[in-house]
Amino acid sequence: MKGIENTSTTNFGDLIGNNRKYIVPRFQRDYSWEEQQWDDLWQDIISMMNEKGDHYMGYLVLQSSDSRNNEFRIIDGQQRFTTITLLILALIKAIRKQGEAGINTQSNKSRYETLMQTYIGRMDPVSLEYDNILVLNKNDDPYYRDYIVKLGELRSRNLLVSQKLLKKCFEWYEARVNALKYSDQEYADFIVKLVSNLFFTVITVNDEMNAFRVFETLNARGVQLSSADLLKNYLFSLVDDDHSPKRLNDLEAKWNELSSNVKTEKLPDFIRYYWNIRNKSIRSTELFKAIRKKITNATEVFELVNQMLSYSDVYMALKDPNDEMWQNHVEISRNIELLKLFGLKQPYSVLMVAYKKLPLDAFEKLLSAIVITCFRYNVICSKNPNDIEKVFNDIALSIYEGLYKGISQLQKIYITDSEFQNSFAIKSFVLTSRNTKVIRYILGMIEQNVEGGLNVDIHDDANSIEHILPQNPGEEWNIDQYKADQYVNRLGNMCLLDQKVNRQIGNLTYSEKKEKYRLSEFASTRKIPEHYNDWNENTILSRQKQMAKRAVNIWKLNF
C-alpha cells in the first residue's frame, strides 16, 4: 500500500527490543478492554503454551516518530499491546515476590531487574523512575507509570474509568499467574515463550495521511480499525500546538460530548455526513485528506467540532424513529423507520441540514419525498445507492446556502412510472427477517389502498405473509420444483393472512386455501379468490402486474 514504510510479521519480543519506545498518542482513546477480552487472551496464551505453537495477534499500525525508527506512535493496537505488557508485569511481580520471600533471593533479583529492563523499561538510578518502553495516553500513563510499573501498592481512590480498568486487568492477570504456582525460573521461561510466540503483522507508516489510508484499506478488507482515533488525534494536535491547556480541556469536553452522542465507532460516518452538508460529496476514503486540507488551525477545529455537536442530536434522531424529537410527529417517525428499514444512509446529510435550516413542514415534505424516491430507486429497482449520494449532496448544499428549490430537485433520481412499474411487476423477495418487514410494508400499503383495507403494522407477526404457491409445494400443485423456485418469492404470490390461519392451511391446495382467503380480515386477500379460480405461474404474473399498476400511484411524487 502506498505510503507504508514497512510491513512485517514480528513477535512481541523483537517488537520491543533494540531500545524502541511505543507511545500511545496523547489524545487517543483510553484503555477499554474488560474481563472478556482479558480472558480470551489468557485462554489463547495457555493453549499456545500447552501446544507449543504460535498465536497471531492481528495488525499493529505504527507511525514512525523519528528518523532512527526507535520511537513509534501506536495508531492501532494499543489495547492488545497494553494488555500483554500488564500480563508481563504480573509475571515479573510473581518472580519478585519469591525473592522477597527469601527464595533464591540473589537470582530472583537478577531475573527481576533483567526482565524489567528488557520488557518494561530502564530505571534512572537518581530519580528511580522508569523510562518505559510503553507510554500510554495522557489519562492512563500517570497511573501506569507511577503505580503499576513500580509493582507496589495500587492506588484505588479517585481513579478514572480507564485507570480502574488498568488496575483490574493487572490484578486479574496477577491472580491467574499466582495460581500457576511456578518457580521463579518457570515464570521467566513463561515470559520468554510468551514474547517469542505472540506475533503481530506490523504496518509502519510515516504520517497521519498514510495511516488513514491503511485504516480505509484494511477496513475495506473487513479488518475494523479505529479511524475515529486518527481523526481525533489530528484535530487535537492542531489545538495542542497553541500550548493552551484550557483550550485542550475545552476541546476534550466537547469531543467527549460528541462521542457520547454519536458513539465512537460511528463518528467517522457522522463526520462524513456532516462534511457533505457544507462541501462537495466525498467518499469515506477521502475524508481525512479533506479535513487535513481545510482544517489547519485551532479556530477551525473549534468551529468544526461546535458545528458537529449541534448536528449530532439530529443525526442520532434520524437513526431512531422512536426518538423523543419525533414524539409529536407521527408521519416523520414513520418515514424515518422506513429509511432504516430500507437500509439507507445516503440521505442523512440532506436530512440533517433540512431539519436545521427548513421549516418543519418543509422538512417533513422532503423526508416523505425521499422515502418514496428511495423506495422506487433502491428497494424496487435495486439501483446502486451510492449513485444517489451526489444528488442528495447537491440538495444539502442548496439548503445550507439558502437556495433550496423544493422536492423538484429529486427529479434526477426519481424513477419513471414505466420503469418502476416494470420492475415492480417482476420483483421477488426472499423471506429474511428484514425482508419480512419490507414485504409487510408493501402488501400493507396495497391493502390500505383497497376499498375496506386495514392499516398494517409491519412489526406485528400476527400479520403474517402467506405464500399462495407454498415454498415446498406437494405433488397436488402440479408444478416442478425449478419453476416453483422461480415464482414462490414473487410479490404476486404473497398476501397478508392472520398468523393462526396461515399455520392451519400450510401446503393445502389452492382450491382449499381460497375458502380461507374469502374469510380473511384483509380486503386485498379476500379479492384473490374473486379474481383467480386457479393458481399457477400465469396467475402469479397477472396478479403482480395488477399490483404494479396500483403501486405506481401509491408511491408517486407530483413535481
Side-chain angles (χ1 to χ4, degrees), residues 331 334-335 337-339 341-342 365 368-383 407 410-411 413-431 435-458 460 463-469 486-498 502 510 513-514 516-559:
E331 191 62 24
R334 174 181 170 276
N335 280 319
E337 181 172 24
L338 291 175
L339 278 185
L341 179 62
F342 301 162
K365 184 177 181 181
S368 178
I370 285 174
V371 168
I372 291 172
T373 300
C374 289
F375 179 78
R376 286 188 171 223
Y377 190 98
N378 302 91
V379 179
I380 298 302
C381 295
S382 301
K383 292 184 178 291
I407 65 169
L410 289 168
Q411 280 184 287
I413 53 173
Y414 184 76
I415 301 298
T416 63
D417 287 351
S418 59
E419 183 180 353
F420 175 65
Q421 184 173 327
N422 290 338
S423 295
F424 195 102
I426 59 172
K427 190 68 181 179
S428 296
F429 286 99
V430 177
L431 216 60
N435 280 351
T436 296
K437 291 177 183 175
V438 173
I439 297 166
R440 264 197 210 122
Y441 164 68
I442 295 170
L443 297 179
M445 289 295 289
I446 291 174
E447 166 72 14
Q448 282 179 230
N449 282 271
V450 172
E451 186 178 352
L454 303 174
N455 289 327
V456 177
D457 183 354
I458 64 172
D460 189 351
N463 303 322
S464 71
I465 296 167
E466 152 76 347
H467 289 80
I468 304 170
L469 169 66
Q486 284 183 300
Y487 288 95
V488 72
N489 291 318
R490 289 286 190 95
L491 281 173
N493 188 52
M494 298 179 193
C495 67
L496 293 167
L497 202 62
D498 180 83
N502 203 345
Y510 178 63
K513 285 187 174 188
K514 281 195 297 186
K516 298 293 184 181
Y517 296 162
R518 285 193 176 99
L519 301 174
S520 173
E521 61 185 314
F522 298 106
S524 55
T525 303
R526 293 197 300 270
K527 289 186 176 295
I528 294 171
E530 292 178 15
H531 292 94
Y532 304 102
N533 291 323
D534 301 308
W535 200 259
N536 52 48
E537 59 268 30
N538 290 327
T539 49
I540 292 170
L541 291 173
S542 174
R543 178 170 180 255
Q544 192 159 340
K545 284 180 181 177
Q546 293 303 313
M547 293 168 73
K549 288 179 182 178
R550 190 179 291 271
V552 167
N553 293 313
I554 295 172
W555 290 277
K556 189 177 186 67
L557 288 180
N558 293 311
F559 295 108

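For this chain, numbers begin at 1 and follow the sequence in order. Please read all numbers here as calculations on a predicted model, not as lab measurements.
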Worksheet item: Should I528 and K514 count as side-chain neighbours, where that means a heavy-atom distance under 4.5 Å?
Response: no
Worksheet entry | Those residues that, when tested against E419, pass salt bridge (charged side-chain N to carboxylate O under 4.0 Å, His left out) (two or more places apart) | K383
Discussion item. Within the structure provided, determine whether L443 and M547 are in side-chain contact (heavy-atom separation under 4.5 Å).
Written reply: yes
Worksheet entry | Distance in Å, N378 CG paired with L339 CG, rounded so as to fall on 0.5 Å steps | 10.0 Å
Worksheet item: Would K556 and D417 pass as an ion pair if we require N to O under 4.0 Å?
Response: yes
Discussion item. So does L491 get a backbone contact from the side chain of Q544, meaning a donor-acceptor N/O pair under 3.5 Å?
Written reply: yes
Worksheet item: Does the ring of F429 carry K427 above it, NZ/CZ under 6.0 angstrom from centre and within 45° of its axis?
Response: yes
Item to complete: Measure the shortest side-chain to side-chain distance between Y517 and L497 over non-hydrogen atoms and say whether it is less than 4.5 angstrom.
Response: yes
Practice prompt. Could you tell me whether a side-chain N or O of N463 sits under 3.5 Å from a main-chain N or O of L496, the two making a donor and an acceptor?
Written response: no
Practice prompt. Measure the CG-CD1 distance between L410 and I407 for me, rounded to the nearest 0.5 Å.
Written response: 7.0 Å
Discussion item. Checking the side chain of R526 only, and the main-chain atoms of L519 only, is there a donor and an acceptor separated by less than 3.5 Å?
Written reply: no
Item to complete: Mark yes or no for whether R490, through its side chain, and I540, through its backbone, hold a donor-acceptor pair below 3.5 Å.
Response: no
Worksheet item: S524: what forms a side-chain hydrogen bond (donor to acceptor under 3.5 Å, both in side chains) with it, not counting sequence neighbours?
Response: E447
Worksheet entry | Salt bridge present between E337 and R334 (N-O < 4.0 angstrom) | no
Worksheet entry | Contact summary for A548 and A425, nearest pair of heavy atoms | CB-N, 3.8 Å
Fill in: Main-chain N/O of V488 paired with N493 side-chain donor or acceptor, under 3.5 Å
yes
Worksheet item: Are the side chains of Y487 and N536 in touch, meaning some heavy atoms are under 4.5 Å apart?
Response: no
Response to the item:
Given the options Y377, F559, F420, Y414 meets ring-ring contact (aromatic ring centres under 6.0 Å, His included) only with F559
Worksheet item: Would you call F522 and V450 a side-chain contact if the rule is heavy atoms closer than 4.5 Å?
Response: no
Item to complete: May I ask you to decide if V430's main-chain N or O and N489's side chain share a donor-acceptor pair within less than 3.5 Å?
Response: no
Discussion item. Using ring centroids (six-membered ring only for Trp), state whether Y510 and Y532 fall under 6.0 Å.
Written reply: no
Worksheet item: Are more than 12 heavy atoms from other residues, nucleotides or ligands located less than 6.0 Å from atom CD of E451?
Response: no
Discussion item. Are V552 and F424 packed together at the side-chain level, in the sense that at least one heavy-atom pair is separated by less than 4.5 angstrom?
Written reply: no
Worksheet item: Below 4.5 Å, heavy atoms only, C-beta onward: do D457 and R440 meet side chain to side chain?
Response: no
Worksheet item: What distance separates M494 CE from L431 CG, expressed to the nearest 0.5 Å?
Response: 6.0 Å
Discussion item. Can you confirm whether E466 sits close enough to S520 that some side-chain heavy atom of one is under 4.5 Å from a side-chain heavy atom of the other?
Written reply: no
